[in-house]
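Heads up: the structure comes next, in structure tokens.
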Amino acid sequence: MNVNNNMLYSKQLKHWKIILQNWNSRKLDFGRFFTPLHDRHFHLSRVNCRFCHTEDSNRRRDFSDKLDKGPSLQHFIANSSESFDNYVHEGIEEKVPYLEDEVYSGNGRKVFFDTYGCQMNFNDTEIAWSILKDKGYAQAESVNEADVVLLMTCSIRENAEQKIWNVVKQYKGLKRRASKKKQIKIGILGCMAERLKHKILDKEKMVDLVCGPDAYRDLPRLLSVTSESGQASVNVLLSLEETYADVMPVRINSNSKTAFVSITRGCNNMCSYCIVPFTRGRERSRPVSSIVDEVRKLSDQGIKEVTLLGQNVNSYCDRSEEVHYGGLPKSEAQEGDKPENRVLSRGFKTIYKVHSGGQRFSHLLDQVSMVDPDMRIRFISPHPKDFPDELLYLIKERPNICNKIHLPAQTGSTAMLQAMRRGHTREAYLDLVHNIREIIPDVALTSDFIVGFCGETEKDHKDTLSLIDIVKYHFVYQFSYSMRQKTHAYHHLKDSVPEMIKLRRLQEVNDCARQGMLGVNQSLIGQEQLILIEGVSKRSSSDIWGRNDGGTKVIIPSGPLPSSDGEPSLRDVSVGDYIAVKILSANSQTLFGEPLFHSSLVDYASKPAKVSRTASLS
């Protein structure tokens, strides 16, 4: 009997879905089906009978208002399962009008966040926490005291996803051991949620909630649904507009003096190896004003360093206002060949149309850097194609914009760059490196490399090693390629490099990069640099550490220091202090120094013989 009912429900749902699709295809406004009856030219017979013999207009109006505010068929379908015998609820993002605010309340339930992946994921965690905190949820100090466990996930590589599966199994065991009075809910957030939604729900019924990168506003409702029904709830809809511009992130680590600020979401580059455009959607930029406001609030909270975030951070383009700033698309810029009109690096191109007008990244960086001259500004992750000269000159001129540029190469082979759809050649990349160092001689360059991409030969690999040797990066991140579904490579290329060869090449890239990084760091011995103190060293409680302008970790002994250059009075060193340091020794990843005195960015930049920045490698 139960099976027959389920079949009947499924048929009815299918029938209503077809009706809705037909109405939508005819561009009818479905919501108007429930508009007040006295405004219509037709009548529902039962409703008409109810009012045909009364003159009580108030009752008629009340009834019509209830129909207006009541659930529509869209709400029922959006929250229905594909089959009624299990769990899936597809979420909708807007607030349901017929539910009271109390339904969404966390009522003090404690949430524990476990975050993996890039800096954007850590910023997303703070956005999600801000939304839940506003609805009455509390923060759990450990997973053992949590009522809700939310994993912010990464899907960029296969090993990242496998790590999440292993963690979910551990949390499932915790959930099983919990008492019946404490029903722990486990949720998957972020890129992996969007990419593997069905697998996540089907795999041993591990989780209760799946929420994609553009659906964090819906978290209170999703948690309410799964808590009340015991069924899983899902919202992985991608958006063309969502930037969370009006959500002020609440920092998980309130003791830190550094913070992330997301300025763009999504990506348009469509590199053949990358899953990001499919997990985070198309690129869209926050308004300049909302970003500047957030940075100003962080400054008021005592934050000393802000990192601007985006999947392609320097392609930022705010077109939300009529005021346009910056260059033209490259095709137009080349007509007059005026450098000030360029929005792309010389020798680079895109596979998508570059928007004309809008307020560009250089304008945003200019505005952000003026909020607080004693606050460091960094940005990540840029694309090499988006470094016009005006941006480079701005970085050079502003003391609080760090002279560090992350310049992802991915490979040193032109053939591989073409297969990856990166939009440039090896020669164009090296020309950009030369141009950057011409304008910013003391710049610190870092990069990403993918080893063993589809069809990579030994010659391609050697081109990568030679590029690393030529550029001499301050830091290199290297990864072994893993095929991702939905990408261009998945559909058109073959993952042809054996795993053992990938591992060997990965080690060779690592060795080459470390040798170059050691040389770069040793060249800094004897220099004086300004570092921002971030914490106590993990290896020794008598040491503290910070980062210099180039982002390299510097370890110094703790203890009171002169309050300024030439000042005899001493004061203790705290997290968030700027300290002048003389570099004494170095390895490939860390500098070791002697602390000299307290300072500020403004005071240190005004020193007559400023030697705080790294030496030129050009």
Side-chain angles (χ1 to χ4, degrees), residues 115 118-119 122-123 251-260 298 301-307 374-380 399-406 442-446 473-477 513-514 516-565 570-601 603-605 611-615:
T115 305
C118 64
Q119 291 94 334
F122 285 87
N123 184 248
R251 293 182 300 127
I252 301 296
N253 181 8
S254 59
N255 296 322
S256 175
K257 294 298 181 178
T258 64
F260 298 119
L298 290 171
Q301 295 171 15
I303 296 299
K304 292 297 184 69
E305 180 177 291
V306 163
T307 301
D374 268 324
M375 174 190 281
R376 270 182 177 169
I377 307 298
R378 302 185 186 274
F379 58 91
I380 199 170
N400 64 331
I401 301 178
C402 293
N403 282 12
K404 175 197 172 181
I405 292 179
H406 187 62
D442 48 4
V443 69
L445 295 180
T446 61
Y473 296 100
H474 285 64
F475 200 86
V476 168
Y477 304 87
R514 280 183 174 268
M517 289 154 53
L518 177 62
V520 168
N521 286 347
Q522 287 179 338
S523 72
L524 305 179
I525 294 175
Q527 288 192 18
E528 181 185 303
Q529 297 188 343
L530 190 69
I531 69 171
L532 175 65
I533 300 300
E534 296 192 34
V536 178
S537 173
K538 293 181 179 179
R539 295 189 176 183
S540 172
S541 59
S542 62
D543 291 334
I544 54 178
W545 70 276
R547 295 189 186 276
N548 63 11
D549 187 83
T552 302
K553 190 173 186 178
V554 183
I555 296 178
I556 60 173
S558 61
L561 293 174
S563 55
S564 64
D565 190 10
L570 303 179
R571 65 183 175 92
D572 292 333
V573 178
S574 303
V575 172
D577 288 347
Y578 288 108
I579 304 296
V581 173
K582 182 179 180 180
I583 305 302
L584 301 180
S585 62
N587 59 34
S588 62
Q589 294 183 302
T590 308
L591 302 172
F592 301 87
E594 173 191 357
L596 301 176
F597 53 86
H598 289 267
S599 186
S600 67
L601 279 178
D603 291 342
Y604 201 74
V611 289
S612 60
R613 298 194 187 267
T614 57

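Everything numeric here is computed off the predicted structure, so don't read it as measured data.
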Name every donor-acceptor pair, under 3.5 Å, that has one atom in a side chain of residues 575-583 and the other anywhere in the protein, sequence neighbours excluded.
| unit_1 | atom_1 | unit_2 | atom_2 | d |
| --- | --- | --- | --- | --- |
| Asp577 | OD2 | Ser574 | N | 2.8 |
| Tyr578 | OH | Lys304 | O | 3.0 |
| Tyr578 | OH | Asp374 | O | 3.2 |

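- Across all their heavy atoms, Gly550 and Ala444 have their closest contact at CA-CB, 3.7 Å.
- A distance of 11.0 Å separates NZ in Lys553 from CD1 in Ile531, rounded to the nearest 0.5 Å.
- Between Ser599 and Leu530 there is a side-chain heavy-atom pair separated by less than 4.5 Å.
- Between the CG atom in Leu591 and the CG atom in Asn521 there is a gap of 4.5 Å [rounded to 0.5 Å].
- Taking the six-membered ring for Trp and thresholds of 30 and 60 degrees, Tyr477 and His406 have ring planes more than 60 degrees apart, a perpendicular arrangement.
- Counted by atom type alone, His474 and Thr446 present zero donor-acceptor pairs between their side chains at under 3.5 Å.
- Considering only residues two or more places apart in sequence or on other chains, Ser540 meets the side chain to side chain contact (heavy atoms under 4.5 Å, CB included) condition with Ser542, Asp543.
- Nearest heavy-atom pair, Ile544 versus Ser558, reported as atom, atom and distance to 0.1 Å: CG2-CB, 3.9 Å.
- Under the side chain to side chain donor-acceptor pair (under 3.5 Å) criterion, Thr258 pairs with Ser256, not counting sequence neighbours.
- Heavy-atom minimum distance, Asp572 versus Pro560: OD1-CG, 3.4 Å.
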From CA spacing to verdict: side-chain contact (heavy atoms from CB on, under 4.5 Å), Ile556, Ile533: CA-CA 10 Å; Ile556 60 173; Ile533 300 300; 4.0 Å; yes

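- Distance check: Lys404 NZ to Arg378 CZ gives 6.0 Å after rounding to the nearest 0.5 Å.
- Residues Gln529 and Thr552 are not in side-chain contact: their nearest non-hydrogen atoms beyond the backbone lie 4.5 Å or more apart.
- Applying the side chain to side chain contact (heavy atoms under 4.5 Å, CB included) test to Ile252 and every residue at least two apart in sequence or in another chain returns Phe113, Thr125, Glu126, Trp129, Gln139.
- Checked by atom type and distance alone, the side chain of Asp549 pairs as donor or acceptor with a backbone atom of Asn403 at under 3.5 Å.
- Side-chain contact between Phe592 and Asn587 is present, with heavy atoms from C-beta onward closer than 4.5 Å.
- Taking every heavy atom of both residues into account, Leu518 and Ala586 meet most closely at CD1-O, 4.2 Å.
- From His598, atom NE2 reaches atom CG of Leu570 across 8.5 Å, with rounding to the nearest 0.5 Å.
- The line from OG1 of Thr307 to CZ of Phe122 is 13.0 Å long, rounded to the nearest 0.5 Å.
- Distance CG/Asn123 to OG1/Thr115: 10.5 Å, rounded to 0.5 Å.
- Scanning both residues, Met517 and Tyr473, for their nearest heavy atoms gives CG-O, 3.5 Å.
- Nearest heavy atoms, Leu561 versus Leu596: CD2-O, 4.3 Å.
- Each salt bridge (Lys or Arg N to Asp or Glu O under 4.0 Å) pair with one or both residues in residues 531-542, not counting sequence neighbours, appears once here: Glu534-Arg547.
- Under the side chain to side chain contact (heavy atoms under 4.5 Å, CB included) criterion, Gln119 pairs with Phe260, Leu309, Ile380, sequence neighbours left out.
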